[in-house]
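Single-structure report; data block below.
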There are 2 protein chains.
Amino acid sequence: MTHPFITRLERTIPLSGPDRDAIERLTATTRTVPARQVILGEDEPARGLCVVVQGFACCFSHLRDGGRQITGFLLPGDCSSLPAVLLGARHAGIASLAPCLVATVGREALADLLLRHPLAGCALWSAALTQEQILREWIVNIGARSADRRVAHLFSELLTRLRQVGRSAGDRCVLPLTQEDLADTLGLSTVHVNRTLQALRGSGLLRFNRGVLTVPDSRQLESFAGFTPDYLEARVATEILLACAKRDVAEADRAPR
Amino acid sequence: MTHPFITRLERTIPLSGPDRDAIERLTATTRTVPARQVILGEDEPARGLCVVVQGFACCFSHLRDGGRQITGFLLPGDCSSLPAVLLGARHAGIASLAPCLVATVGREALADLLLRHPLAGCALWSAALTQEQILREWIVNIGARSADRRVAHLFSELLTRLRQVGRSAGDRCVLPLTQEDLADTLGLSTVHVNRTLQALRGSGLLRFNRGVLTVPDSRQLESFAGFTPDYLEARVATEILLACAKRDVAEADRAPR
DNA sequence: CGACTTTTTGAGGGGGCTCAAGCCAAGTGG
DNA sequence: CCACTTGGCTTGAGCCCCCTCAAAAAGTCG
């Protein structure tokens with residue numbers, strides 16, 4: 001089976017054989033992390049890019065008053081935000097929600113990849129850009145939608161993303177989230193999430209029971225939520241692609257491994 | 001005076017002379033846009049990267065029910081989100097809030113820049129990453145803070161960013177925003193923004209009058225909002241920098257313009 | 001079984017929303 | 001120079017969405 005991270009990157013750019021090899025090598029050594037564990041604290045400096053090979057994780061921020069806000073989910077093949085690694089700035093924390101298989105790509109290795117494999121580098125950037133699209137959509141979701149549509153939209157997005165990585169069986173999928181997690185994601189209280197889920201179940205749009213989401217008619221749910229999946233479909237423009245490829249060839253000529 | 005876009009990019013990476021020249025050439029032709037004008041609609045395809053040279057603009061999304069959510073502000077030197085250009089995906093709309101000077105960098109020109117000037121390209125990516133950091137912070141703001149702290153946090157961020165680009169005089173700055181804009185940014189109603197502003201004025205933390213923000217003690221405001229500016233300070237890690245620079249030199253050898 | 005986490009329910013309150021009207025400043029045109 | 005318009009700001013009243021607090025019910029796991 002191909003490496004999830006490679007599959008993920010190839011959704012934006014078709015990679016060459018050497019590219020794939022290089023990435024595979026970087027993410028070969030993994031470590032397992034139990035569920036509900038902090039993978040990278042908000043305060044500790046990021047040593048490298050964190051790639052979730054298997055499992056389910058999230059990015060989070062804590063407020064002084066004890067509140068928690070989840071700012072993203074990491075599915076198999078996703079990686080932690082590049083800013084954490086490239087820019088020295090503050091970064092979100094990362095925690096596992098289900099047991100995870102995690103690879104960490106150090107800064108030097110990352111720099112080397114960017115240098116020797118521009119196409120792979122470009123793919124990495126593109127993944128970060130997709131991430132940005134998602135964040136923007138989340139702002140719209142939290143800022144402008146009612147509680148029920150908010151929940152529906154999040155579930156629609158997660159269902160779509162899980163399908164992309166082959167982790168959904170028909171109309172149901174596993175989401176290792178508690179109602180508290182949902183609350184911290186959507187800017188709602190736990191109690192209200194509970195009642196909203198009941199209402200949604202009542203209207204037949206979805207059922208969410210002990211980490212299993214069931215959506216009888218995803219089309220209907222998406223329509224209710226105002227969800228359109230186009231922000232999740234990344235494909236790099238050909239002009240850019242050609243430029244990267246050209247450089248890639250040049251690199252190969254000059255510095256064959 | 002140096003070009004604002006270059007100043008912006010150099011906040012993350014020190015550029016070489018040729019890099020600067022190339023960027024300057026790309027953003028030389030600008031057009032003026034009056035205030036309150038749509039620069040790029042949500043539906044129309046993005047022809048290129050949109051660089052705000054002067055003025056004040058915002059990114060926005062519209063919902064079916066007529067609601068609007070502002071998902072970002074573009075200050076002098078900022079550019080529209082790369083995803084719009086590189087990935088074919090849906091993108092946010094862009095609108096001017098004050099009169100703007102805007103340059104558009106076409107996809108071909110952008111590809112050419114990435115090819116010939118890796119360092120400049122890296123700077124561009126980094127700017128996008130900073131953008132991501134800001135989006136993440138906005139999610140925390142909208143999702144987890146009360147109305148008054150939300151307003152305080154946004155103002156703190158904008159004040160800091162305006163200082164970075166030299167557009168704030170001491171304790172005051174110009175923000176061409178209506179209360180409705182603030183409402184659409186923060187996920188609040190216009191009426192409530194009004195009352196919140198009054199409360200903040202009452203407590204002496206800030207005054208916002210007809211587009212002029214006055215903050216007597218920014219330290220105090222930031223403390224109230226729970227604002228820390230570290231997510232706005234981007235600086236690319238040296239390892240990455242060296243890799244880019246190395247490639248840059250190699251490029252210069254191989255294909256001198 | 002006993003300790004714990006997660007979900008569910010109830011009751012009450014408050015933060016923020018909607019609707020609607022009045023106000024103020026800055027144009028615009030006669 | 002003054003009516004008239006216009007867009008934004010301000011206020012009031014009423015209410016509903018969602019929050020908090022608290023406790024019971026239902027799973028979960030050693």
Side-chain angles (χ1 to χ4, degrees), chain A residues 34-37 56 63 65-70 95-99 141-152 154 174-203 206-214, chain B residues 34-37 56 58 63 65-70 95-99 141-154 174-203 206-214:
Chain A
R36 303 277 155 184
Q37 203 93 5
F56 202 103
L63 276 74
D65 62 19
R68 179 182 68 147
Q69 176 68 42
I70 292 179
S96 64
L97 295 172
N141 201 32
I142 300 178
R145 273 190 266 263
S146 58
D148 48 0
R149 285 168 207 273
R150 232 182 271 190
V151 173
L154 177 64
V174 175
L175 290 177
L177 301 172
T178 66
Q179 296 184 358
E180 194 182 350
D181 295 330
L182 288 173
D184 290 344
T185 304
L186 297 167
L188 298 169
S189 71
T190 313
V191 174
H192 198 62
V193 164
N194 180 286
R195 294 197 229 266
T196 304
L197 285 175
Q198 287 178 48
L200 287 169
R201 178 173 349 124
S203 67
L206 60 83
R207 227 154 3 113
F208 184 66
N209 203 319
R210 242 165 300 153
V212 177
L213 172 68
T214 313
Chain B
R36 303 277 155 185
Q37 202 93 6
F56 201 104
C58 70
L63 277 72
D65 62 19
R68 177 181 70 147
Q69 177 68 43
I70 291 178
S96 64
L97 294 172
N141 201 31
I142 301 178
R145 273 191 264 263
S146 58
D148 48 0
R149 284 170 207 272
R150 232 181 269 190
V151 172
H153 194 277
L154 177 65
V174 176
L175 289 178
L177 301 172
T178 66
Q179 297 185 356
E180 194 183 350
D181 295 330
L182 288 173
D184 291 344
T185 303
L186 297 167
L188 298 170
S189 71
T190 313
V191 174
H192 198 61
V193 165
N194 181 285
R195 294 198 228 265
T196 305
L197 285 175
Q198 287 177 50
L200 286 169
R201 177 170 352 122
S203 67
L206 60 84
R207 227 156 0 114
F208 183 65
N209 204 318
R210 240 165 301 152
V212 178
L213 172 68
T214 313

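A quick note: this is a predicted structure, and the numbers were derived from the prediction, not measured. First the proteins, then the strands, lettered A, B, ... as listed; each starts at 1.
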Minimum heavy-atom distance between [X] and [Y], given as atom pair plus value:
X: D148(B); Y: S146(B); value: OD1-OG, 2.7 Å
X: P34(B); Y: S96(B); value: O-OG, 2.7 Å
X: F56(A); Y: L177(A); value: CE2-CD2, 4.1 Å

Taking [Y]'s backbone N and O only, do any of them form a donor-acceptor pair with [X]'s side chain (distance below 3.5 Å, no angle check)?
X: Q69(A); Y: G187(A); answer: no
X: Q37(A); Y: A95(A); answer: no
X: R145(A); Y: R150(A); answer: no
X: T196(B); Y: A147(B); answer: no
X: T185(A); Y: I70(A); answer: no

Handout entry: For DNA chain D, stems built from three or more consecutive Watson-Crick or G-U wobble pairs below 3.5 Å
Key = C:1-13 with D:18-30, C:15-21 with D:10-16, C:23-30 with D:1-8

Between [atom2] of [N] and [atom1] of [X], the distance in whole Å:
X: R149(B); N: dG16(C); atom1: CZ; atom2: C1'; value: 17 Å
X: H192(A); N: dG12(C); atom1: NE2; atom2: C1'; value: 16 Å
X: L188(A); N: dG16(C); atom1: CG; atom2: P; value: 14 Å

Kindly give the atom pairs (protein nitrogen or oxygen, nucleotide nitrogen or oxygen) under 3.5 Å for nucleotides 5-7 of chain C.
unit_1	atom_1	unit_2	atom_2	d
dT7(C)	OP2	Q179(A)	N	2.9

Problem - R195(A) side chain, from C-beta outward: closest of dT18(C), dG16(C), dG10(C) - result: dG10(C)

Practice task
Quote, to the nearest angstrom, the P distance that separates dC19(D) from dT18(C).
Solution key: 16 Å

Practice task
Could you list the residues that satisfy side-chain contact (heavy atoms from CB on, under 4.5 Å) with R207(A), not counting sequence neighbours?
Solution key: R201(A), T214(A)

Handout entry: Any residue meeting side-chain contact (heavy atoms from CB on, under 4.5 Å) with S189(B), in chain and number order, not counting sequence neighbours
Key = V191(B), H192(B)

Problem - Nucleotide interval of DNA chain D bounded by contacts with chain B (heavy-atom cut-off, under 4.0 Å) - result: dG8(D) to dA13(D)

Completion exercise
The salt bridge (Lys or Arg N to Asp or Glu O under 4.0 Å) partners of D181(A) (sequence neighbours excluded) come to R36(A), R68(A)

